[in-house]
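Both backbone and side-chain heavy atoms feed into the values below; hydrogens, waters and symmetry mates do not. In this text the structure is predicted, and so the values were computed from the model without any measurement.
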Amino acid sequence: MPPEKAMPPTLSPTGLSALSEFLATRIGLNFPRERWSDLERGIAAVAPEFGFSDAESCARWLLSTPLTHPMIETLASHLTVGETYFFREPRSLEVLENHILPALLARHGVERRLRIWSAGCCTGEEPYSIAMLLDRLIPDQRGWNITILATDINSKFLRKAAEGVYGEWSFRGTPAWLRERHFKKRRDGCFEIAPHLKRKVTFSYLNLADDAYPSLANNTNAMDVIFCRNVLMYFTPERVKAAAQNYYRSLVDGGWLIVSPAETSNALFAPFTAVAFPGVVLYRKTAEAEHRATVVQYPSPALVLPPEALTTPPAPIVPPEPMVVETMHAAPIHDAPSKPVDHAALSRNARECANQGRLAEATGWCEKAIAADKLNPAHYYLLATIRQEEGQTNEAVQSLNHALYLNPGFVLAHFALGNFRLSQGRHREAERHFGNALALLRQYPRGETLPESDGLTAGRLAEIIASVISSMPQPAAAGA
């Protein structure tokens with residue numbers, strides 16, 4: 001039987017070139033000539049969702065139409081692979097469990113604070129895998145303030161992740177006891193993750209190619225570990241470098257960036273120190289002047305332990321090199337000059353400390369700002385973000401309410417309260433706060449930057465809130 005004849009392309013080389021340039025500029029997605037066939041298949045798949053019957057008509061329309069957030073989300077869902085599973089790329093997770101986390105837990109043993117970000121989390125398997133590791137390393141997490149932030153550009157993925165329900169395909173390569181220990185089987189044959197693990201992960205919309213980070217507004221600051229695996233491969237080199245710079249600023253000194261083996265590049269991640277482990281290279285934020293790969297001769301113990309081994313805490317592994325931590329020390333509060341107080345400088349100091357995870361200093365600067373100007377709602381909002389990082393939810397909510405008392409039109413305070421209630425599972429209250437924020441945003445021009453937002457525009461926040469609302473878990477189906 002003769003080989004099947006290939007279908008002729010429906011997009012011309014000129015059209016594919018223009019579309020590739022358009023996507024690189026507007027979304028950051030990289031489609032060089034060797035991937036034009038992937039691009040064409042993606043546009044053909046997305047065309048019906050935009051109301052077109054063929055890829056060519058859809059491409060012409062895209063090139064002549066301003067991209068909206070829903071359009072970007074739809075394009076991203078068809079032009080990137082939303083394929084993942086639990087404990088994917090186990091080498092990275094082995095290093096996390098047996099080297100990075102023990103060192104971080106020892107380092108943060110006094111303040112009991114740990115922050116991890118899964119950037120490009122897809123349908124949630126990665127952040128839930130991290131939560132399972134932490135559940136094993138810290139069986140009793142009372143008194144710990146642990147943040148696992150999971151972000152993605154696709155609201156459908158985030159909705160599925162927040163529901164925490166998975167089929168057999170998400171468990172390929174994992175032992176049966178993993179499901180038995182951490183999941184409950186439903187009547188429909190799917191598996192729902194344990195509630196205490198679900199509560200540990202906060203899912204949120206974020207466009208890595210366009211949104212601002214680090215930012216107190218989206219909780220992407222002062223991270224100890226950032227996972228960004230199988231995401232940056234879709235970006236142009238320029239966007240990868242920009243993301244790497246943002247990740248560097250989002251990490252505390254000594255923090256780690258974990259990418260997939262296919263994305264390893266010392267040139268693209270030049271701000272970091274490359275550290276080589278058996279089978280994987282990770283990137284660390286250090287104060288070294290020279291960034292070089294350091295080979296660490298550690299064996300690679302198996303990641304998935306038998307059930308009887310779960311009761312034995314893993315032995316901490318000595319870090320490969322002395323931890324280098326340099327912090328930018330702001331002047332002590334008691335050394336502040338007696339001349340008129342610079343309120344903006346106090347806020348900047350508080351933000352700088354908060355972004356580096358120095359929360360006690362950040363609180364001191366923020367309280368000094370409040371003492372100097374008790375009627376400024378921005379100070380209370382900033383204090384709320386710091387209290388949130390400290391795990392003091394009630395105090396954070398009180399500060400946000402105080403900010404709204406002083407300025408009922410403070411959009412970011414409404415947005416923050418919505419996020420608090422969402423994280424607590426109080427969805428009706430969350431929707432009310434998000435609705436208040438959307439109503440206030442209608443009074444702003446779309447391109448206007450919101451106060452205290454780290455550059456976030458009114459139109460962008462409206463899109464983010466709409467995406468958050470659409471990704472909120474729906475009521476469970478009867479019989480589930």
(request) Please step through salt bridge (Lys or Arg N to Asp or Glu O under 4.0 Å) for the pair E163 and R159, ending with a clear verdict. (result) CA-CA 6 Å; E163 289 171 351; R159 188 181 305 116; 5.8 Å; no

Report yes if the side chains of [X] and [Y] come closer than 4.5 Å at any heavy-atom pair, otherwise no.
X    : Y    : answer
R446 : T457 : no
L417 : L404 : yes
N394 : V397 : no
L208 : F235 : yes
V46  : F52  : no
L134 : I116 : yes
N221 : R115 : yes
T264 : Y283 : yes

For [Y], is there any backbone N or O sitting under 3.5 Å from a side-chain donor or acceptor partner on [X]?
X    : Y    : answer
K160 : V165 : yes
T174 : F171 : yes
S215 : A217 : yes
K200 : A131 : no
S20  : L16  : no
E263 : L232 : yes
S64  : R60  : yes
R172 : W169 : yes

Search all heavy atoms of [X] against all heavy atoms of [Y] and return the closest pair with its distance.
X    : Y    : answer
H414 : H433 : O-CB, 3.5 Å
R112 : G143 : CB-O, 3.5 Å
M71  : L62  : CE-CD2, 4.0 Å
R351 : L382 : CG-CD1, 3.8 Å
L383 : S399 : CD2-OG, 3.8 Å
S250 : I226 : CB-CD1, 3.9 Å

(request) Given salt bridge (Lys or Arg N to Asp or Glu O under 4.0 Å), test R91 with E94 step by step and report yes or no. (result) CA-CA 5 Å; R91 290 294 187 191; E94 288 171 8; 3.4 Å; yes

(request) Name all residues meeting the salt bridge (charged side-chain N to carboxylate O under 4.0 Å, His left out) criterion together with E125; count only those two or more places apart in sequence or in a different chain, and write none if there are none. (result) none

If you measure from [atom1] on [X] to [atom2] on [Y], what distance do you get to the nearest 0.5 Å?
X    : Y    : atom1 : atom2 : result
I43  : C58  : CD1   : SG    : 5.5 Å
Q392 : T363 : CD    : OG1   : 7.5 Å
L63  : E21  : CG    : CD    : 10.5 Å
I130 : F87  : CD1   : CZ    : 9.5 Å
Y85  : S129 : OH    : OG    : 10.5 Å
W36  : L11  : CH2   : CG    : 10.5 Å

(message) Between F203 and Y128, is the ring centroid distance below 6.0 Å?
(response) yes

(message) Centre-to-centre under 6.0 Å for Y166 and F86, is that the case here?
(response) yes

(request) Check the pair N218 / I464 against side chain to side chain contact (heavy atoms under 4.5 Å, CB included), numbers first and verdict last. (result) CA-CA 10 Å; N218 54 29; I464 290 171; over 6 Å; no

(request) Mind running side chain to side chain contact (heavy atoms under 4.5 Å, CB included) on R432 and R428 for me, showing each step along the way? (result) CA-CA 6 Å; R432 177 167 57 83; R428 189 167 298 177; over 6 Å; no

(request) Classify the ring geometry between F183 and F191 as parallel (under 30°), tilted (30 to 60°) or perpendicular (over 60°). (result) perpendicular

(request) On the 0 to 90° scale, with breaks at 30° and 60°, tag the H99-W256 ring pair as parallel, tilted or perpendicular. (result) perpendicular

(message) Against E192, only a single residue in K198, K185, K184 fulfils side-chain hydrogen bond (donor to acceptor under 3.5 Å, both in side chains); can you say which?
(response) K198

(message) Under the criterion side chain to side chain contact (heavy atoms under 4.5 Å, CB included), I'd like the reasoning laid out for R249 against N246: C-alpha separation, chi angles, the key distance, then a yes or no.
(response) CA-CA 5 Å; R249 294 187 298 112; N246 289 338; 2.8 Å; yes

(message) Could you tell me if H78 and E49 have a donor-acceptor pair between their side chains, going purely by distance under 3.5 Å?
(response) yes

(request) Classify the side-chain pair N30/R35 by whether it contains a donor and acceptor separated by less than 3.5 Å. (result) no

(request) Give a yes or no on this: more than 12 heavy atoms of other residues, nucleotides or ligands lie within 6.0 Å of atom CZ of R33. (result) no

(message) Taking side-chain contact (heavy atoms from CB on, under 4.5 Å) as the criterion, tell me which of L206, V225, N219 meets it with W117.
(response) L206

(message) As a quick check of understanding, evaluate side chain to side chain contact (heavy atoms under 4.5 Å, CB included) for V281 and F269, giving each step before the final call.
(response) CA-CA 11 Å; V281 175; F269 301 108; over 6 Å; no

